[in-house]
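Below, chain A is the first sequence line, B the second, and so on; all start at residue 1.
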There are 2 protein chains.
Amino acid sequence: MQSAIEPLDWPSLIEAQPAAGLIPIGLRQQAKRLDAQARVPLFRIGDPVRCVYLVVSGEARLIRLARNGSEVILQRSRGGFLAEASLEARSYHCDAITTEPTTILTLPVAAFRAALEEDPIFRSAWQSQLTKEIRKLRAQCERLSLNSAADRISHYIESEGADGILTLHQSRKSWAAELGLSHEALYRTLRRMQSEGVLDVDGVRLATK
Amino acid sequence: MQSAIEPLDWPSLIEAQPAAGLIPIGLRQQAKRLDAQARVPLFRIGDPVRCVYLVVSGEARLIRLARNGSEVILQRSRGGFLAEASLEARSYHCDAITTEPTTILTLPVAAFRAALEEDPIFRSAWQSQLTKEIRKLRAQCERLSLNSAADRISHYIESEGADGILTLHQSRKSWAAELGLSHEALYRTLRRMQSEGVLDVDGVRLATK
DNA sequence: CGTACTTTTGAATCGCATCAAATCTGGTGG
DNA sequence: CCACCAGATTTGATGCGATTCAAAAGTACG
């Protein structure tokens, strides 16, 4: 079995993912918990939008296949909403999939929209969420505009890490995809940066120097 | 003189930029019109956020300078809001500049936030705006993830144009920057695509075949 | 203990960036 | 109207860096 619906325990959900705490009571009653293994599709391009996804733990991604068959990562959500823009769409414009065992809350779109209308706090939180996503995407665009692998790596550590230190929450191979690089280029550049003393690599901990 | 404040004529403003029509009456009274020449800075990184910018006609951009001195285009607004995410920030994270003679409405942030709280229609329009921006940015990320110049060009025409036909509203040189390419690479690739019969180039009109 | 996947290294190739320079364009002022 | 200038467009040559293909070694997991 690839996924399962389990009973909801709000205090622990909120502890795992604070954003869940912003969901109004009325909407909570319509939420369903979804526990999925790795590589479980949540929706596919063209599917009608039925619910909003909140990643509680684990990771879910929006992906699209390029014409040459390579996979482009459009969003990587580790805790927080997935596919925020789908709230305004009829059907999905890309695929969504889990990359590891993941717990998700699903919220019916109609009830979600109603809750946004009625609850000023929830609404404000949602607007912040959208804004944060815009900033994140701009950073990603800026990064992809850099044309050397080393620059993209440094940029990622600076913008996603804290004080020049980043703990990597994914395989290097999939990080390479997120950086728009081949995994070989990433491995080689990491090594070179380390040997040049620009970067300190220690397992999943990366630090610029 | 680089810029001027002029009296407001709402009907014509709304005709030029429909988004202006969504602004509630109360907020309109606080709006100021700004007419700027090309290459006029609207704000700089670090400046405190005092107002929201709505581009009525012309073009304004968010830009940031990369460490190597090259200019990265974070947003290009031709009609519509600029720097939506600034509404939630204290100070700007990038520079804004006009690229041609441009008419802008400026709306004080405090009044803007208040209007969002009070007016459900305006609020809903603003959320749509944020969502649209997210989709646009995802498309841009997807495009920058493509590693051939031809693929980026095709992707741009498909996603920004209509039915495979695009009218370019900027110089090719600055389009190149938006595509994350050197202008030489863009010129050469356009020519090659045309000679290969993949693309039809006619002045500012580009069509995929 | 086998299988799938990631990590790592090597070698060859290709496309883009870069530097250079000529031409073309639109706009300004004499 | 013409000279002039700044910027855009175009072409050429060169080098680097990333992609690609290949293959080996390491690792996690059932």
(request) Grab the CD-C1' distance between E100(B) and dG26(C) for me, whole Å please. (result) 15 Å
(request) Starting at atom CD of E184(B), determine the distance to atom C1' of dA20(C), rounded to an integer number of angstrom. (result) 10 Å
(request) Report the C-alpha separation of E178(A) and K173(A) in whole Å, then their side-chain angles, then the decisive distance to 0.1 Å, and conclude whether the salt bridge (charged side-chain N to carboxylate O under 4.0 Å, His left out) test is met. (result) CA-CA 9 Å; E178(A) 192 178 355; K173(A) 189 176 177 181; over 6 Å; no
(message) Without decimals, in angstroms, what is the distance between H183(B) NE2 and dG12(D) C1'?
(response) 13 Å
(message) Rounded to whole Å, how long is the line connecting atom NZ of K173(A) with atom P of dT27(D)?
(response) 17 Å
(message) Between D151(B) and R143(B) (salt bridge meaning N to carboxylate O under 4.0 Å), is one present in this structure?
(response) no
(request) Could you tell me whether S182(B) contacts a base, only the sugar-phosphate backbone, or nothing, with contacts defined as non-hydrogen atoms closer than 4.0 Å? (result) base
(message) The test is side chain to side chain contact (heavy atoms under 4.5 Å, CB included); show your working for L82(B) and L54(B) and say whether it passes.
(response) CA-CA 6 Å; L82(B) 182 75; L54(B) 175 61; over 6 Å; no
(message) Between R90(A) and G46(A) (side chain of the first, backbone of the second, donor and acceptor by atom type, cut-off under 3.5 Å), is there such a pair?
(response) no
(message) Which heavy atom of Q30(A) sits nearest to which heavy atom of P108(A), and what is that distance?
(response) O-CD, 3.5 Å
(message) Any salt bridge linking R135(B) with E133(B)? Criterion: basic side-chain nitrogen under 4.0 Å from a carboxylate oxygen.
(response) no
(request) Run the salt-bridge test on D9(A) and R33(A) with the 4.0 Å N-O cut-off and return the result as yes or no. (result) no
(message) Give the residues of residues 144-157 of chain A touching DNA chain D, defined as any heavy atom closer than 4.0 Å, sorted by residue number.
(response) S148(A), A149(A)
(request) Salt-bridge test for E196(B) and R192(B): reply yes if a basic N is under 4.0 Å from a carboxylate O, no otherwise. (result) yes
(request) Write down the distance between CG (L181(B)) and P (dT9(D)), rounded to a whole number of angstrom. (result) 14 Å
(message) If you take any heavy atom closer than 4.0 Å to DNA chain C, which residues from residues 186-209 of chain B end up in contact?
(response) R188(B)
